[in-house]
Amino acid sequence: MTVRVRFAPSPTGYLHIGSARTALFNYLYARHTGGKFLLRIEDTDLARSTEESTRSILEGLKWLGFAPDEEIVFQSNNAEKHREAARKLLAEGKAYRDFTPKEQPTDASVKDAIKERARAQGSEKNMRDNPYRSLSTEESDARAAAGEPFAIRLKVPDVRTESVGDWASPSGKTSFEDAVYGLQERDFSETEDLVLLRSDGHPLYNLAVVCDDIEMGITDVIRGQDHLTNTHKQLLIYAALGVKPPRFAHLPLIMAPNKGKLSKRKHGEVVSMTTYRDAGFVAAAFRNFLALLGWSAGEEKEIYSLDELIKKFSLEGIHRSNAVFNFKENDPRHWTDDKAIWMNAEYIRTMPLAELLPLVKNELKANKLWREEYAPDGRALMTSISSTKAQEFEASTEIGERPEAIAIDRPRHGSHDWFVNTVDLIRARFFTLKDFSSQGRAYFSEDFDLDAAAVAKNLTKFPELREWLPELAARFEAELGELGAQESDAGGSNDTGLPLTDACCSDRFFEANIEAVVKAFAEEKGTKLGVIMNGARTLLTGVAVGPSMLAVFETIGLERTLMRLRSQVAWNG
RNA sequence: GUCCGGUUCGUCUAGGGGUUAGGACACCGCCCUUUCACGGCGGCAACACGGGUUCAAAUCCCGUACCGGAUACCA
């Protein structure tokens, strides 16, 4: 039988990290087994469900890349079927009408109130002491006909006083083999006569879930461990309905750093999936992180592509103990789990450029930094001049051996190739996609801020730079400016075989030449190279960190380098 | 209270009778370097506790503690 699993969130908030992982595990299991991954929105609680929330959940799932294989099921659409099922059980004597007036909800936290009451009742509580349980069919019918409101409860067998119904196990307990937690057993006496239908006619969770899972042909239910006791109740409903239950796999929970509950209310944004999307996380990275929270392939490996996850995923690899989602509120450096941040950085600096580029494009677009010239222009979104080649060039040509001022073909500033090279250059120190528009802003715009700390550390500390840097600009202009442009002899191709549409500018403003000029300049001024380099870095990029300055000069380009070196803004603040 | 789970470095985890208890993140140090949050090398750091079983227990059994979940006419 083909596996059919479902992710069934209730739309009472955004998609949070625990649900996201449940969705992931369902998705992986479906793909691993060649089955179907379905989505059902459990919106039977009309008071709490919102459309906004449904939208948010769908958005989160979309971001993570979990598209359902069949149409989305909205549980509320099936209410009539649920009612029918309840009526059927009532007619068969497997359920009964409970005319007890509905309790008014307490003001205090519902959860606490329930806990309190449960504690007060202790172990004395008899789950079968409902007076309406044994009401005669005639009287029950009569009262109902008279318009008296009632809830419908499942008649869980009382093994002490009655023979077990034909729908329930004669052993006096419900039991199932959980794929994660092993054999689970529970005495009937521990399970109350649960309400199937509210007195206002609304079907309740356990009934709705069972009916829908049956209708959707669900073979494996993979859900949070907080449903463990629900499973026993649902088993009873399956039995009453005469349907063979699916297999179950319960997942350990994801806890807050204090090992307490990770709640939307207390922890807010940090548990919301859209937060990560908006914070510049790569979906693949976050998926990878999530997969390792409570699951392991049993090997010393951290980075898994989606295909690898699908291949290696198994329910046996899921843990029984809860995992802590580790983050420090009030610490911007550790605002979310360190490993998630690291994983994201790892993806950003190692993923194929072809996959990263569209993400960077979106980020730049969102910040009005994108220019159409960066687009691939009909060519594959690949580097025609890769950074690797640039490195090879660097490595193979000792500085001393190079001609005084050689010229090489480089992508024209602002072109697609330039964009690719630039992204590849700056991604090494980035953690999120946001960094491309914040720290990396100066590569894409003239309108960028100078980081105050960087200015203090690299500029104001050396007042001479106020004169020197414009002077360096003049030097660049004189030695690497005009001359090269005339020597251009851009050929028809480079050695990737692709037409050299962009790499036309063989001016001489590139690393080896720049280095010679800057070194000579520093020597002449009798200062350390670093003083010049870091001053220039701050003026050129606005920040104190980044790639090799030689590469930065070249990437920023001669024109903008001159402009920025001559800028006095840093000194006027 | 009752029922059900769980417990290996700070965190995610590997290991499930014999291991110097492994990896990753974080943290710290050193190196590289024109800066650095890149990279390289190294360090710190764990089997909850008590009993048993066994030649041998982190690993199996029992108990205790602690943590979590459930206990609703919520999902």
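Nucleotides C49(B) and A65(B), compared at atom P, are 16 Å apart to the nearest Å. G16(B) and U59(B) are spaced 5 Å apart, taking the C1' atom of each and rounding to whole Å. Of the C1' atoms belonging to C44(B) and C28(B), the separation is 7 Å, rounded to the nearest Å. To the nearest whole angstrom, the two P atoms, one in C9(B) and one in U13(B), are 11 Å apart. For the P atoms, the distance from U20(B) to A58(B) is 13 Å, rounded to whole Å. If you take atom P in U64(B) and the same atom in G1(B), they sit 13 Å apart, rounded to whole Å. If you take atom P in G40(B) and the same atom in A45(B), they sit 24 Å apart, rounded to whole Å. The P atoms of A14(B) and G6(B) are separated by 14 Å, rounded to the nearest whole Å.
Not a single donor-acceptor contact under 3.5 angstrom links the side-chain atoms of R349(A) to the base of C38(B). In terms of polar N and O atoms assigned as donor or acceptor, the side chain of K259(A) never comes within less than 3.5 Å of the base of C67(B) in a complementary pairing. Under 3.5 Å, the side chain of N206(A) and the base of A75(B) form no donor-acceptor pair of N or O atoms.
Applying the 4.0 Å criterion to OP1 and OP2 of C67(B), one finds that K261(A) has every side-chain N and O outside that range. For the pair S296(A) and A14(B), the criterion of a side-chain N or O lying under 4.0 Å from OP1 or OP2 is met. Put simply, R223(A) has no side-chain N or O that comes within less than 4.0 Å of OP1 or OP2 on A75(B). OP1 or OP2 of A72(B) has not a single side-chain nitrogen or oxygen of K102(A) nearer than 4.0 Å. Between R153(A) and C73(B) there is a side-chain polar atom (N or O) within less than 4.0 angstrom of OP1 or OP2.
Closest approach to the E302(A) side chain among U34(B), A75(B), G23(B) is made by G23(B) (side chain taken as heavy atoms from C-beta onward). Nearest nucleotide to the side chain of R429(A), out of A37(B), A70(B), C36(B): C36(B). Comparing U11(B), U13(B), A75(B) against the side chain of H319(A) picks out U13(B) as the nearest. In this structure, the nucleotide among C74(B), U11(B), A26(B) sitting nearest to the side chain of V324(A) is U11(B). When distances are taken from the side chain of D337(A) to each of G69(B), U71(B), U11(B), the shortest belongs to U11(B). Proximity note for K457(A) (side chain, C-beta onward) versus A37(B), A24(B), C36(B): the nearest is C36(B). Out of A75(B), U34(B), C3(B), the shortest distance to the side chain of D45(A) is found at A75(B). When distances are taken from the side chain of H227(A) to each of A72(B), A75(B), C12(B), the shortest belongs to A75(B). Checked against C73(B), U71(B), U34(B), the side chain of K111(A) finds its nearest nucleotide in U71(B).
Between Y96(A) and Y132(A), the ring centre distance reaches or exceeds 6.0 Å. Aromatic rings of F313(A) and F25(A) (six-membered ring for Trp) have centroids within the 6.0 Å cut-off, being under it. Not less than 6.0 angstrom separates the ring centroid of H232(A) from the ring centroid of F248(A).
Searching all strands for a Watson-Crick or G-U wobble partner of U19(B) with both distances below 3.5 Å returns nothing. Pairing partner, G5(B): C67(B), with both Watson-Crick or wobble hydrogen-bond distances short of 3.5 Å.
You'll find the side chain of E302(A) stays beyond 4.5 Å of the side chain of N288(A), heavy atoms only. Counting only heavy atoms from C-beta outward, the side chains of E363(A) and K434(A) approach each other to under 4.5 Å. Side-chain contact between F430(A) and R349(A) is absent, with no heavy atoms from C-beta onward closer than 4.5 Å.
Rounded to an integer number of Å, the gap from CZ of F325(A) to P of U13(B) is 13 Å.
Results of the ring pair (Phe, Tyr, Trp, His ring centres under 6.0 Å) test with F476(A) over F509(A), F510(A), F521(A) single out F509(A) as the only residue that passes. Looking at I556(A), V360(A), V552(A), T555(A) one by one, the single match for side-chain contact (heavy atoms from CB on, under 4.5 Å) with T422(A) turns out to be T555(A).
Q75(A) and D212(A) are linked by a side-chain donor-acceptor pair at a separation below 3.5 angstrom, with hydrogens and angles left out of the test. Looking only at atom types and distance, the side chain of T336(A) has a donor-acceptor partner in the side chain of Y276(A) under 3.5 Å away.
Interatomic distance, CG of L204(A) versus NZ of K233(A), reported as 9.5 Å (0.5 Å rounding).
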All N/O contacts under 3.5 Å from nucleotides 4-8 of chain B to the protein, with atom names and distances to one decimal?
| residue | atom | partner | partner atom | Å |
| --- | --- | --- | --- | --- |
| C4(B) | O2' | Q184(A) | OE1 | 3.3 |

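Within residues 539-548 of chain A, the residues that place at least one heavy atom under 4.0 Å from RNA chain B are, in residue-number order, A544(A), V545(A), G546(A), P547(A), S548(A).
Of the two residues contacting RNA chain B, namely A428(A) and R48(A), the nearest-nucleotide position lying further toward the 5' end is that of A428(A).
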Would you give me the side-chain donor-acceptor pairs under 3.5 Å for residues 528-537 of chain A, sequence neighbours excluded?
| residue | atom | partner | partner atom | Å |
| --- | --- | --- | --- | --- |
| N534(A) | ND2 | G530(A) | O | 3.1 |
| R537(A) | NH1 | P547(A) | O | 3.0 |
| R537(A) | NH2 | P547(A) | O | 3.1 |

